[in-house]
Amino acid sequence: MENLTAEEIEKIEHEISLVPVKKAACIEALKVVQQHRGWVSDESIKAVADLMDMSPAELDSVATFYNLIFRQPVGRHVILVCDSISCWVVGYENIREYLTAKLGIQYGQTTPDGRFTMLPNVCLGCCDHAPALMIDNDLYKDLEPNQLDEILNKYA
Amino acid sequence: METPLTQHIVADRQPLSLKEYERVGGYESVRKVLKQMTPSEVTELVKASNLKGRGGAGFGTGVKWSFVPMDVPGPKYLVANADEMEPGTFKDRLLLEGNPHQLIEGMIVASYAIQANISYVFLRWAYKLAAHEITKAIQEAYDAGYLGENILGTGYTLDMHLHTGVGRYMCGEETALLNALEGKRANPRAKPPFPQVSGLYGRPTIVNNVETLCCLPHIVNKGAEWFKSISNSEDAGTKIYGISGRVKKPGVWELPMGVTVRELLEDYAGGMKDGLKFRGLLPGGASTDFMVEEHLDVKMDYASVAKAGSRMGTGTMIILDDKTCPVGFVLNLQHFFAQESCGFCTPCREGLPWVEKILLAMERGEGKPEHLNILDFHTQFLGPGNTFCALAPGAMEPLQSALKYFRADFERHITEKRCPWKK
């Protein structure tokens, strides 16, 4: 079984110390693992469940519920394309089509070099500046397809 | 025109530091409630102000607080609902990024009123800048003695934590939010018991929207009568309105409660973009009924929008123009709701994907005459009272009103066997 690193365990123990019930820290624990490894593998689920006094099935039911806990490997950078109503009205599909043509990936796929994964995302909450997308922690808004090359170049 | 909530927010400028915020009267309301008022006096003041919850339901804030049993020993909690994920809604982002101390101040007032000693900001994952600013502001508030033990020497203790969600629309529903805070799947809980009695970890808990909480310092400082006087309608206060869609100037504005739809659309958003005509709008996010031309002079307050057959919801409008297909518009909404259903109750889990598939078939030119009846049936079957929570009934609001106002467009998709908006 894959072991959690000492650093991951320390961070998870810290999260556990902040809550009145151990299990309540399980989402934070999953976030810790994802931060370190990019995604949460079956082995990580087992290791974290052990630490949380949960069954792997119970923890996985939580992990798979949330959109932004990745249970499959993702690329070094994750592109989240807003596909909700305000972005749809202004034609976000140009943006998605450009990215698909440029990177050769559909939603849910990762470029062969492991650089980008592209996912749809619900409303990013900047509808007056639609269309919008996020790459990792960065928000881009008022997008035009011709800006995308320059944006993608920032991510190695 | 008074704009208490946004007066210190300047676009593209750092929010006020604690020191700067104090210089413009920040945290005065904390001094006032902690030193001069009893918790029940604070609740009575908020009741008298007629402040209604700005998250969408519009329930009286003071009334909500008054359901908290004050005589039970043990912990109570206050949670700021900053999980803004209603499609087309971008008002709390402004308050969170623009003036985090105002939210913290409001949370201290609310916590004191219900005598909570632990509070949480439940923030959606995508609001990275807000997370940064709130983390910084909470630390400043601790350092200045507004949070922690024995606040301002009054003996009152309040801790505050930031919890960042990992993305699920359901978390905005208050009981689902509490499950998420407890590290569970964000399924909603049965009500009753209501969270005011049995919420986080089974303890009395108040969940209030960010905008609601940001009103509190101003109500404490200037009084209930002032709060009512700055509105244009029977609902008190200001409201943060927004408009998105193909208008000239999409944006977000703090205005007296009760400005009309027309004022917002024409005076603030500058009207439709050239070459486009107005066809309809959702007044407050994806889960509200369409309003159309005949409703342009309706006041944007809870009662007036309800009288027009819709809900004010979050007060952030999404505009439908004549070059955009209403069926495609509703399909986008139903895709969202089907995806975000928690899957707990059958009508929602099975019904929403069915609705989505039918709308998709219509868009592809594969619509059949009986499809309209199936959609009509769903608006009843997934309506209020038939599902475990408000997600599916909310999803049916734009569908049922689209079937009413844009029925001819649905029929054209079926008879012409194509989407008339696609070239």
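No experiment lies behind these values; they were computed from the predicted model shown. Proteins come first, then strands; the chains are lettered A, B, ... in the order of their sequence lines, and each starts at number 1.
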Would you find more than 12 non-hydrogen atoms of other residues, nucleotides or ligands less than 6.0 Å from A:K23 atom NZ? no
Does a salt bridge link B:K248 with B:D274, judged by any charged N lying under 4.0 Å from a carboxylate O? yes
If one checks every heavy atom of B:L181 against chain A at 4.5 Å, the contacting part turns out to be backbone
Given that the side chain runs from C-beta out, which part of B:I319 has a heavy atom under 4.5 Å from chain A: side chain, backbone, both or neither? backbone
For B:Y127 and B:D92, test the side chains for any donor-to-acceptor distance below 3.5 angstrom and give the result as yes or no. no
Identify the residues of residues 55-65 of chain A whose heavy atoms come closer than 4.5 Å to a heavy atom of chain B, ordered by number, or report 'none'. A:S61, A:V62, A:T64, A:F65
At a 4.5 Å cut-off on heavy atoms, which part of B:I243 comes close to chain A: side chain, backbone, both, or neither? backbone
With a 4.5 angstrom heavy-atom cut-off, could you sort out which part of A:D83 is near chain B: side chain, backbone, both or neither? both
With a 3.5 Å distance limit and no angle check, can you tell me whether B:E86 reaches the backbone of B:A286 through a side-chain donor-acceptor pair? yes
Relative to chain A, which segment of B:K184 carries a heavy atom at a distance below 4.5 Å: side chain, backbone, both, or neither? backbone
What part of B:F336 gets within 4.5 angstrom of chain A, counting heavy atoms only: side chain, backbone, both, or neither? side chain
Parallel, tilted or perpendicular: rings of A:W88 and B:F329 (30°, 60°): perpendicular
Need one label for A:D136: side chain, backbone, both or neither, based on atoms under 4.5 Å from any heavy atom in chain B. backbone
Quick check for you: among B:G242, B:G165, B:G343, B:G328, which has the greatest number of heavy-atom pairs under 4.5 Å with chain A? B:G328
For B:T89, is it the side chain, the backbone, both, or neither that has a heavy atom closer than 4.5 Å to a heavy atom of chain A? backbone
For the candidates B:K323, B:R246, B:M85, which exhibits the highest count of non-hydrogen atom pairs separated by less than 4.5 Å from chain A? B:R246
Note, B:K91 side chain near B:R54 side chain (heavy atom, < 4.5 Å): yes
Run the numbers on B:D159 and B:Y142 for side chain to side chain donor-acceptor pair (under 3.5 Å), then give the verdict. CA-CA 9 Å; B:D159 281 309; B:Y142 268 105; 2.7 Å; yes
Counting only heavy atoms closer than 4.5 Å, note whether B:T316 contacts chain A via side chain, backbone, both or neither. neither
Can you confirm whether the side chains of B:N209 and B:E84 place a donor and an acceptor under 3.5 Å from each other? no
Between B:I9 and B:L95, is any pair of side-chain heavy atoms under 4.5 Å apart? yes
Max heavy-atom pair count under 4.5 Å with chain B, selected residue of A:L68, A:I69, A:L139: A:L68
Could you check which of B:G245, B:P75, B:S244, B:C171 has the highest count of heavy-atom pairs closer than 4.5 Å to chain A? B:S244
Are A:N94 and A:E144 close enough, and set up right, to give a side chain to side chain donor-acceptor pair (under 3.5 Å), and what steps lead you there? CA-CA 8 Å; A:N94 289 342; A:E144 302 279 352; over 6 Å; no
Single hit among A:K31, A:K11, A:E8 for side chain to side chain donor-acceptor pair (under 3.5 Å) with A:H36: A:K11
Select one option (side chain, backbone, both, neither) describing which atoms of B:A269 are under 4.5 Å from chain A's heavy atoms. neither
Between B:R124 (side chain only) and B:V166 (backbone N and O only), is there a donor and an acceptor less than 3.5 Å apart? no
For B:D321, which atoms come within 4.5 Å of any heavy atom of chain A: side chain, backbone, both, or neither? side chain
Look at the rings of A:Y140 and A:Y155 and say which category their plane angle falls in: under 30° parallel, 30 to 60° tilted, over 60° perpendicular. perpendicular
Ring geometry between B:H161 and B:Y120 (parallel below 30°, tilted from 30 to 60°, perpendicular above 60°): tilted
Is B:C342 close to chain A through its backbone or its side chain, or both, or neither, when contacts mean heavy atoms under 4.5 Å? both
In terms of heavy-atom pairs under 4.5 Å with chain A, which of B:T164, B:V252, B:N187 leads? B:T164
